[in-house]
Amino acid sequence: MRKYLKLIRVEQWVKNLFVFLPLFFSGNITNVDLFIKSIFAFIVFSFTASSIYIINDYMDIESDKKHPEKKNRPLASGAISKPTAIAMFFGLLVSVILIVIFGTSYFNYDFTKFAIIIGGYFVMNLLYTFKLKHVAIIDVSIIAVGFVLRVLAGGYATGLAISQWAILLTFVLALVLAVGKRRGELINAQVSGRTRKALDGYNIQFADIALCICVTLAIVCYLMFTLSPEVQHKFHQRVFYTVFFVIFAFLRYLQQTLVYNKTESPTKIVYKDRYIQVTLLMWVLTFLLQIYFK
């Protein structure tokens, strides 16, 4: 079972928690109906993303075999056969369609816009897998758009509005993670050789500059988000002080990236780095106090 879970990359599902952001920031996390719809959106997005992961691994078998870590992936290592992987791919797609149909009937809600977002995410990532991941800058931009689509999916599934600052913040935050990952791959390439074409359009100096620019934009976007009139009115002026947690988290991320070279896989930070875990927990608790306990 572990090899199948590894193939669909269940640990990467943490990224799909972005679908809960509209619910969280709207102050409706205790609304059972909207919470269930968000879970529905999370499951659909996770299955869709997993189907893409399978195709990506299928296409990258040969290059993954040369990578010090990726060589242990189920397809690259031979733990799972190609026919089995393709069967799982179609199984996930059929599951997504059936879940959306069931959700439409169960909730008696029009999920058309949500389904369009899911379809757009799927097509965009197929293009990414077959071609665009080899095009520098476009590759990280597609990753960032994918996170924006997660937030939009959560909004359309629940019918909750999303602020423009939140969308922009999501985009630049995802760029930070994507550029950080590319930088990690560049560091690894110096030892084991380049593992993807897109790295030909990057070098360490460019990655460092781009990373610092994206981090700066992310902090500014978050600051403007907390200072926007609708957010100040909905929560309280004290929400501004949560920016300190954000600044600390980004500084820690830059330290991990620029000093320790540990960010080839950004999700590992969420699972392993205690500083960022505590900072995120404190940020969430602070927002919970502001939103739900005033």
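Each residue takes its place number in the sequence, starting with 1.
- Contact between Ser51 and Leu92 at its shortest, heavy atoms only, is N-CD1, 3.6 Å.
- Two rings, from Tyr109 and Tyr156, have their centers 6.0 Å or more apart.
- The two residues Ser77 and Asn72 have their closest heavy-atom pair at OG-O, 3.9 Å.
- Side chain of Asn125 to backbone of Tyr121: a donor-acceptor contact under 3.5 angstrom is found.
- At a threshold of 4.5 Å between side-chain heavy atoms, the hydrophobic network of Ile, Leu, Val, Met, Phe, Trp and Tyr places Phe102 and Ile97 in two separate groups.
- Between atom CG of residue Leu223 and atom OG of residue Ser228 there is a gap of 10.0 Å, rounded to the nearest 0.5 Å.
- Using bins of under 30°, 30° to 60° and over 60° for the plane-to-plane angle, the ring pair Tyr222/Phe287 lands in the perpendicular bin.
- Here the side chain of Tyr128 pairs no donor or acceptor atom with the backbone of Ile138 at under 3.5 angstrom.
- Two rings, from Phe111 and Phe40, have their centers less than 6.0 Å apart.
- Between the side chains of Thr84 and Ser81, a donor-acceptor pair is found at a separation under 3.5 Å.
- The closest side-chain heavy-atom distance from Ile55 to Phe89 is below 4.5 Å.
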Checking side chain to side chain contact (heavy atoms under 4.5 Å, CB included) for the pair Val140/Tyr202: CA distance, chi angles, key distance, verdict? CA-CA 11 Å; Val140 294; Tyr202 296 98; 3.5 Å; yes
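- Ile118 has its side chain out of reach of Val100: every pair of non-hydrogen atoms, C-beta onward, lies at least 4.5 Å apart.
- By the criterion of side-chain heavy atoms lying less than 4.5 angstrom apart, applied directly or through intervening Ile, Leu, Val, Met, Phe, Trp or Tyr residues, Val123 is grouped together with Met59 in one hydrophobic cluster.
- Nearest heavy-atom pair across Val148 and Thr170 is N-CG2, 3.9 Å.
- Atom CD1 in Ile61 sits 8.0 Å away from atom CG in Asp64 (nearest 0.5 Å).
- Shown here are the side chain to side chain contact (heavy atoms under 4.5 Å, CB included) partners of Leu251, two or more places apart in sequence or in another chain: Ile247.
- Legend: residues meeting side chain to side chain contact (heavy atoms under 4.5 Å, CB included) with Phe244, ordered by chain and number and at least two apart, are Tyr241.
- No chain of hydrophobic side-chain contacts below 4.5 Å, direct or via other Ile, Leu, Val, Met, Phe, Trp or Tyr residues, connects Ile101 to Ile39.
- To the nearest 0.5 Å, the span separating OG on Ser26 from CG on Leu34 amounts to 7.0 Å.
- For Gln255, the side-chain hydrogen bond (donor to acceptor under 3.5 Å, both in side chains) criterion is met by Arg252, not counting sequence neighbours.
- Around the CZ atom of Phe24, the shell of radius 6.0 Å holds more than 12 heavy atoms that belong to other residues, nucleotides or ligands.
- With rounding to the nearest 0.5 angstrom, the OG1 atom of Thr279 is 8.0 Å from the CG atom of Asp273.
- Within the structure, salt bridge (charged side-chain N to carboxylate O under 4.0 Å, His left out) contacts touching residues 34-49 (residues at least two apart or in different chains) are Asp33-Lys37.
- Residue pairs meeting the salt bridge (charged side-chain N to carboxylate O under 4.0 Å, His left out) criterion with at least one member in residues 206-231, sequence neighbours excluded, are Arg183-Asp208.
- Cluster annotation: Met88 is connected to Leu75 through the hydrophobic network of ILVMFWY side chains, with a link wherever side-chain heavy atoms come within less than 4.5 Å.
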List, one per line, each side-chain donor-acceptor pair under 3.5 Å for residues 11-23, sequence neighbours excluded.
residue, atom, partner, partner atom, Å
Gln12, OE1, Lys15, NZ, 3.0
Gln12, NE2, Thr267, OG1, 3.4
Trp13, NE1, Ser50, OG, 2.8
Asn16, OD1, Arg150, NE, 2.8
Asn16, OD1, Arg150, NH2, 3.4
Asn16, ND2, Ser46, OG, 3.0

Does Leu285 form a side chain to side chain contact (heavy atoms under 4.5 Å, CB included) with Leu288? I'd like the steps, not just the answer. CA-CA 5 Å; Leu285 290 176; Leu288 284 173; 4.2 Å; yes
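- Formation of a donor-acceptor pair under 3.5 Å by the Gln256 side chain with backbone atoms of Asn261 is not found in this model.
- Using a distance-only test at 3.5 Å, with no hydrogens or angles considered, a donor-acceptor pair links the side chain of Lys3 to the main chain of Ala79.
- Applying the salt bridge (charged side-chain N to carboxylate O under 4.0 Å, His left out) test to every pair with at least one member in residues 74-83, sequence neighbours left out, gives no pairs at all.
- Here salt bridge (charged side-chain N to carboxylate O under 4.0 Å, His left out) pairs that include residues 94-122, with residues two or more places apart or in two chains, number zero.
- Rounding to the nearest 0.5 Å places CG of Leu173 at 9.0 Å from OH of Tyr253.
- In this structure Ser163 satisfies the side-chain hydrogen bond (donor to acceptor under 3.5 Å, both in side chains) test with no other residue, sequence neighbours excluded.
- Closest non-hydrogen pair, Val179 versus Ala207, comes out as CG1-O, 3.6 Å.
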Let's go through Phe25 and Phe225 carefully: what are the C-alpha distance in whole Å and the side-chain angles of both, what is the deciding distance for ring pair (Phe, Tyr, Trp, His ring centres under 6.0 Å) to 0.1 Å, and is it a yes or a no? CA-CA 11 Å; Phe25 285 114; Phe225 169 76; 5.6 Å; yes
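- Applying the side-chain hydrogen bond (donor to acceptor under 3.5 Å, both in side chains) criterion to Asp57, with sequence neighbours excluded, gives Arg9, Arg73.
- If you run salt bridge (charged side-chain N to carboxylate O under 4.0 Å, His left out) between Asp139 and each of Arg182, Lys131, Lys133, only Arg182 comes through.
- Contact check for Leu93 versus Phe122: side-chain heavy atoms found under the 4.5 Å cut-off.
- For the pair Thr226 and Trp165, the minimum side-chain heavy-atom distance is 4.5 Å or more.
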Apply the test side chain to side chain contact (heavy atoms under 4.5 Å, CB included) to residues Met124 and Leu149: give CA-CA distance (whole Å), side-chain angles for both, the deciding distance (0.1 Å), then the verdict. CA-CA 11 Å; Met124 181 183 72; Leu149 292 180; 4.0 Å; yes
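- Leu254 is connected to Ile209 through a chain of hydrophobic side-chain contacts under 4.5 Å among Ile, Leu, Val, Met, Phe, Trp and Tyr, so both are in one cluster.
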Given Ile86 and Ile54, is the side chain to side chain contact (heavy atoms under 4.5 Å, CB included) satisfied, shown in steps? CA-CA 8 Å; Ile86 293 299; Ile54 291 175; 5.8 Å; no
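- In this structure, Met282 places its CE atom where only 12 or fewer heavy-atom neighbours from other residues, nucleotides or ligands lie under 6.0 Å away.
- Evaluation of the ring-ring contact (aromatic ring centres under 6.0 Å, His included) rule for Phe171 yields no partner, not counting sequence neighbours.
- For the atom pair CE of Met224 and CG of Leu169, the computed distance is 12.5 Å after rounding to the nearest 0.5 Å.
- For the side-chain hydrogen bond (donor to acceptor under 3.5 Å, both in side chains) test, no residue two or more places apart in sequence or in another chain qualifies with Asn203.
- Looking at Ile137 and Phe206, their side chains come closer than 4.5 Å, going by heavy atoms from C-beta outward.
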